[in-house]
Amino acid sequence: NAGVMQNPRHLVRRRGQEARLRCSPMKGHSHVYWYRQLPEEGLKFMVYLQKENIIDESGMPKERFSAEFPKEGPSILRIQQVVRGDSAAYFCASSPGQANGYTFGSGTRLTVV
Amino acid sequence: AQSVSQHNHHVILSEAASLELGCNYSYGGTVNLFWYVQYPGQHLQLLLKYFSGDPLVKGIKGFEAEFIKSKFSFNLRKPSVQWSDTAEYFCAVSFSGNTGKLIFGQGTTLQVKP
């Protein structure tokens with residue numbers, strides 16, 4: 001029974017490129033949350049999605065960031081025109097329902113050079 | 001604004017010492033409370049959680065936490081730490097009406113000396 005799978009584990013992008021981070025939730029989980037951990041900081045909520053719907057994107061930066069969770073396939077966090085300040089660890093978590101507590105993936109460490 | 005604060009950023013203990021990590025939150029309504037641990041190079045793992053009922057919660061690996069509503073606190077404790085407890089510990093709170101998202105504290109790095 002695979003846990004939450006995130007890939008890639010490490011991603012290096014040059015400034016101005018696009019970064020695509022993927023998250024496959026645990027089997028049976030239809031709720032996906034994305035968090036960002038900047039160096040020396042705790043995790044910050046970004047977005048909460050259910051299949052084909054964005055439920056809460058109050059933590060997403062207004063520009064360059066988008067997320068989706070299609071009917072088929074993994075959830076994708078997309079960062080366009082990356083900048084050095086986007087360098088962080090991005091964690092995905094999945095849950096069978098709201099407020100149940102969730103299972104985290106191993107994260108994707110994005111480095112922008 | 002809803003917030004979570006962890007008082008200790010870096011704690012160093014010797015093996016067999018007792019541990020208490022503080023966590024306070026700002027909200028006065030209904031909350032669900034969590035402690036997560038992140039071992040070096042690994043993902044976050046749930047140590048324990050509180051939704052309702054007995055405010056003293058037992059978790060994995062000998063950890064426990066006590067919810068004190070009047071103090072808005074959810075401190076993590078372990079009577080005797082081991083070298084393998086070296087990790088980063090995060091307190092997190094889910095506030096009612098907040099779609100299940102978690103507000104995390106800044107984290108506490110625990111270093112246990114053998």
Side-chain angles (χ1 to χ4, degrees), chain A residues 2-10 21 23-26 29-50 53-60 67 69 75 77 88-109, chain B residues 1-10 21-27 29-52 57 59-60 65 67 74 87-109:
Chain A
V4 178
M5 304 300 293
Q6 287 189 251
N7 65 81
R9 289 292 302 272
H10 300 275
L21 288 62
C23 169
S24 297
M26 284 186 70
H29 288 191
S30 59
H31 299 245
V32 167
Y33 297 79
W34 284 93
Y35 288 81
R36 177 167 63 174
Q37 185 178 26
L38 293 168
E40 307 299 322
E41 294 188 18
L43 281 80
K44 304 288 187 194
F45 168 78
M46 298 183 76
V47 62
Y48 161 41
L49 309 104
Q50 294 181 28
N53 286 303
I54 297 174
I55 307 300
D56 182 350
E57 56 182 348
S58 58
M60 287 280 269
F69 188 16
S75 175
L77 179 68
Y90 292 82
F91 290 94
C92 167
S94 75
S95 169
Q98 283 188 21
N100 286 1
Y102 13 89
T103 302
F104 278 89
S106 301
T108 294
R109 278 152 183 82
Chain B
Q2 297 162 343
S3 64
V4 178
S5 70
Q6 293 180 237
H7 315 301
N8 319 97
H9 294 296
H10 199 137
L21 301 181
C23 173
N24 285 88
Y25 61 93
S26 64
Y27 181 67
T30 302
V31 293
N32 294 329
L33 301 154
F34 306 83
W35 275 97
Y36 284 89
V37 60
Q38 187 176 27
Y39 297 103
Q42 296 188 27
H43 61 280
L44 281 83
Q45 299 174 38
L46 181 66
L47 272 179
L48 48 79
K49 61 185 178 184
Y50 173 82
F51 285 178
S52 63
V57 181
I60 61 171
F67 171 47
F74 190 55
E88 190 153 18
Y89 293 81
F90 293 96
C91 178
V93 181
S94 170
F95 298 95
S96 62
N98 248 7
T99 67
K101 69 186 179 191
L102 295 180
I103 309 295
F104 280 84
Q106 308 93 311
T108 297
T109 301

What part of B:Gln45 lies closer than 4.5 angstrom to a heavy atom of chain A: side chain, backbone, both or neither? neither
Might you point out which heavy atoms bring B:Leu44 and A:Phe104 nearest each other, and give the distance in Å? O-CB, 3.8 Å
Rounded at 0.5 Å granularity, tell me how far SG in A:Cys92 sits from NE2 in B:His43. 12.0 Å
With distance as the sole test, does A:Tyr33 use its side chain to make a donor-acceptor pair with the main-chain N or O of B:Leu102 at under 3.5 Å? no
Under 4.5 Å from any heavy atom of chain B - which part of A:Thr103: neither
Tell me whether A:Tyr102 contacts the main-chain N or O of B:Gly100 through its side chain, where contact means a donor paired with an acceptor under 3.5 Å. yes
Would you mind checking which part of A:Gln37 comes under 4.5 Å of any heavy atom in chain B, side chain (CB onward), backbone (N, CA, C, O), both or neither? side chain
A:Phe45/B:Phe104 aromatic ring centres below 6.0 Å: no
If we define contacts as heavy-atom pairs under 4.5 Å, which of B:His9, B:Gln38, B:Gln6 has the most with chain A? B:Gln38
Using 0.5 Å steps for rounding, measure from the CD1 atom of A:Ile55 to the NZ atom of B:Lys101. 12.5 Å
